[in-house]
Amino acid sequence: MKKDEVKLMKGNEVIAHAAIRYGCDAYFGYPITPQSEVMETLMELKPWESTGMVVLQAESEVASINMVYGAAATGKRVMTSSSSPGISLMSEGLSYLAGAELPCLIVNCQRGGPGLGTIQPSQGDYFQACKGGGHGDFHLIVLAPSSVQEMNDFVADAFDLAFKYRNPAMILADGAIGQMMEKVVLAPQRDRKTNEYIAEECKDWAACGRGEERRPRNVVTSLELQSEAMEVINKRLQAKYKALEENEVRYEMIDCDDADYVIVAFGSSARICSATVELARAEGIKLGLLRPITLYPFPKKPIEELAERGVKGFLSVELNAGQMVEDVRLAVNGRTKVEHYGRQGGMMYSPGEVLEALKEKIINK
Amino acid sequence: MAEVEIKQENLVHARPKLLRDNLMHYCPGCSHGTIHNLIAEVVEEMGLDGDCIGISPVGCGVFAYNYIEIDWVEAAHGRACAVATGIKRVHPEKMVFTYQGDGDLSAIGTCETIHAAARGENIAVIYINNAIYGMTGGQMAPTTLLGMKTATTPYGRDPRLNGYPYKISDMLCHLDGVCYVTRQSVHKPANVRKCKAAIRKAFENAMAGKGFSLVEVVSTCNSGWKLSPVAANKWMEENMLPFYQLGDLKDVKE
Ligand SMILES: Cc1ncc(C[n+]2csc(CCOP(=O)(O)OP(=O)(O)O)c2C)c(N)n1
Ligand code: SF4
């Protein structure tokens, strides 16, 4: 067997490599710290000369998400990346993408807010990513990487899910994962899908021209003025979200089997908290970590089961003022204590600091 | 109605095959329908119906997709040129055009329009300027003439309160990525013919990769203007055309 190609790379650079290797058709973006390396790397790699992938710097995030909308409407695999303030500008487009049921990939390398905030890492966009992030009843598929390797892996996973469900998917990373250098095994290069393949694969919906044979035309729209018909569309979307909740939940559990206490943390926070588990175990505290990998659909069931089994308390550890904790509380549903511990403004917690918080807020309370 | 047989040699105008056979939602006398007709004819004559993707706006033209038998993508308000860019970049061999009102293109979509033009995207833009927001009930647009009464300028547009109307087509001429800008109308048969030739040229430019083309069509909105179709045509001639003068504004030959 061929030996894996191990590289040392920044998370943001890996997104660019992974996109090309996945066979992504186009990237549209606008620079913003801490994720500008994604487009910079793409421009340096010139994939239009190798795979034929289009890379275009747009005039704003409003434009880039609408370029994504247009290209995605033709059945192509397209993506954008940005950081928090840029994602706010994209929220109109995200709503239209979800409404028109278009698959695509959005990478949010989060920084602290609100407003212009800080360029340092944050997880302050959990609500925005998981609870809509635009008008109307919709969900994005949200994957939260906690390593540079997962920045690579989730590009393919997100695209696959986006196409399986015809829904926009987001990789919700943060400035730490984006800027951090780590070992990574890049995926092998895949071919881009041909126009003929896409015309057949997406013939029921993609607006890529009716073609030689003049197939019945496709209209990509999110508009329906008849209430009865619009409600049918809304119900179809909700059925899709239900299917996602039933089939696509992903999470990782560390030392949860015998745990008295469980930390719930995602992304860069989960890395820190895995060290907290070791510290606690060394002191004889039976602590476990549940790391949601899909933030939407949220791993409600495993949390419910831990609470049912008798876990004495949950601590939701997030780089924000307490967002995911609401979903943890909903899952635990009053069975036991659920608290939040967080830092903001780009500040990070240490594993020891989290352990102290666990003692203060849960164990000794 | 009795069937009348039309001899081929007497036929002046027939329904374009690509115009779908459903009832248009436009108000009687509105310019939108005529312009749809012209686009359908041009696409048909150029044999592009299998390779054409239209982008409809938010505005009365939103349902353009109900009327012309091609693939369509409905854009968010003002974003049509960005959507068209996305499509054209991944399908450079296809015919991509937008259909946009003056509110859509020159108010909320100014940024997307100017930058698509500046990049020289190989798309055609059909820009319907009726000096008002038709769909939302006749409010002021950036193109509303001074003194013109609308739902949000009930005493007439006053430049001290509402600023001045502007001509985005003239502005676009200064951009290197733009190869063709023209201002047309469809209120008389001769104008309809010229407008069709302009649309055809814009489509040919897009297919030949010559850059960004825009056909502004100075139009009536009889409902918004609160005039009968005939009176609206007259009002347009007397008030709109002196300010929005018809003719080519830019035509790069190469
Ligand atoms: C973001 C957003 N803002 C406002 C609207 C409401 N709206 C719908 S159409 C329109 C104006 C359309 O006017 P114009 O582009 O001139 O087209 P017309 O209807 O006159 O053909 C507005 C403001 C909207 N749909 N979306
Ligand atoms: S409101 Fe105006 S622009 Fe809209 S369909 Fe009626 S006449 Fe045409």
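Note on naming: letters A, B, ... go to the chains in the order of the sequence lines (proteins, then strands), and numbering restarts at 1 for each one. Because only heavy atoms are used, hydrogens play no part in the values below, and waters and symmetry mates are left out as well, while side chains stay in.
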| message | For A:Val54, which atoms come within 4.5 Å of any heavy atom of chain B: side chain, backbone, both, or neither? | response | side chain
| query | Looking only at heavy atoms, which two atoms of B:Ile87 and A:Gly70 are closest? And how far apart? | reply | CG1-O, 3.2 Å
| query | What do you reckon, is CD of A:Glu231 surrounded by more than 12 foreign heavy atoms closer than 6.0 Å? | reply | no
| task | Return the minimal non-hydrogen interatomic distance between B:Val90 and A:Ala71, and the atom names on each side. | result | CG2-CB, 3.8 Å
| note | On a heavy-atom basis, the closest approach of A:Arg217 and B:Asn66 is NH2-CA, 3.9 Å
| query | Quick one: does B:Arg79's side chain get under 4.5 Å of A:Glu92's, heavy atoms only? | reply | yes
| query | Any idea which heavy atoms bring B:Val73 and A:Ala207 closest together, and the distance? | reply | CG2-CB, 3.7 Å
| request: Give a yes or no on this: more than 12 heavy atoms of other residues, nucleotides or ligands lie within 6.0 Å of atom CG of B:Asp176. | output: no
| said: Could you measure the distance from the NZ atom of B:Lys88 to the OG1 atom of A:Thr74? Nearest 0.5 Å is fine. | reply: 12.5 Å
| field | Proximal component of A:Ile65, with respect to chain B [non-hydrogen, under 4.5 Å] | value | neither
| If we only count heavy atoms from C-beta on, is the B:Phe63 to A:Leu225 side-chain gap below 4.5 Å? | yes
| Interchain contact, B:Val62 with chain A, by part (heavy-atom threshold 4.5 Å) | side chain
| field | Option that, when pairs with chain A are counted at under 4.5 Å, heavy atom only, ranks first among B:Val96, B:Asp49, B:Ile114, B:Val58 | value | B:Asp49
| request: Give the minimum heavy-atom separation between B:Asp71 and A:Asn218, together with the two atoms involved. | output: OD1-N, 2.7 Å
| task | Return the option, out of A:Met53, A:Arg214, A:Arg215, with the maximum number of heavy-atom pairs under 4.5 Å with chain B. | result | A:Arg214
| Any sub-3.5 Å donor-acceptor pair from B:Tyr65's side-chain atoms to A:Thr221's backbone N or O? | no
| said: If you count heavy atoms of other groups shown closer than 6.0 angstrom to CD of A:Glu44, is the number above 12? | reply: no
| Proximal component of B:Cys111, with respect to chain A [non-hydrogen, under 4.5 Å] | both
| field | A:Lys46 atom NZ, neighbour heavy-atom count above 12 within 6.0 Å | value | no
| query | Given that the side chain runs from C-beta out, which part of B:Ile70 has a heavy atom under 4.5 Å from chain A: side chain, backbone, both or neither? | reply | backbone
| Enclosure of B:Asn22 CG (heavy-atom neighbours >12, cutoff 6.0 Å) | yes
| Which distance, rounded to the nearest 0.5 Å, do you find between the CZ of B:Arg89 and the CG of A:Asp25? | 14.5 Å
| query | Can you say whether A:Ala100 sits under 4.5 Å from chain B via the side chain, the backbone, both, or neither, judging by heavy atoms? | reply | neither
| message | Just so I understand: if I count every heavy-atom pair under 4.5 Å between each of A:Gly211, A:Ala63, A:Ala73 and chain B, which residue has the most? | response | A:Gly211
| message | Determine whether B:Glu112 and A:Asn66 satisfy the following criterion, side chain to side chain contact (heavy atoms under 4.5 Å, CB included), listing intermediate values before the conclusion. | response | CA-CA 9 Å; B:Glu112 287 76 18; A:Asn66 281 285; 5.6 Å; no
| message | Please determine whether the number of non-hydrogen atoms from other residues, nucleotides or ligands lying under 6.0 Å from atom CD of A:Glu213 exceeds 12. | response | yes
| message | On a heavy-atom basis, which atom in B:His77 and which in A:Tyr96 lie closest, and how many Å separate them? | response | N-OH, 4.3 Å
| query | Are B:Arg119 and A:Glu59 close enough for a salt bridge, meaning some N to O gap below 4.0 Å? | reply | yes
| query | Hey, are the side chains of B:Glu74 and A:Val220 touching, using non-hydrogen atoms and a 4.5 Å cut-off? | reply | no
| Does the B:Lys94 side chain pair with the main chain of A:Cys208, one donor and one acceptor, at a distance under 3.5 Å? | yes
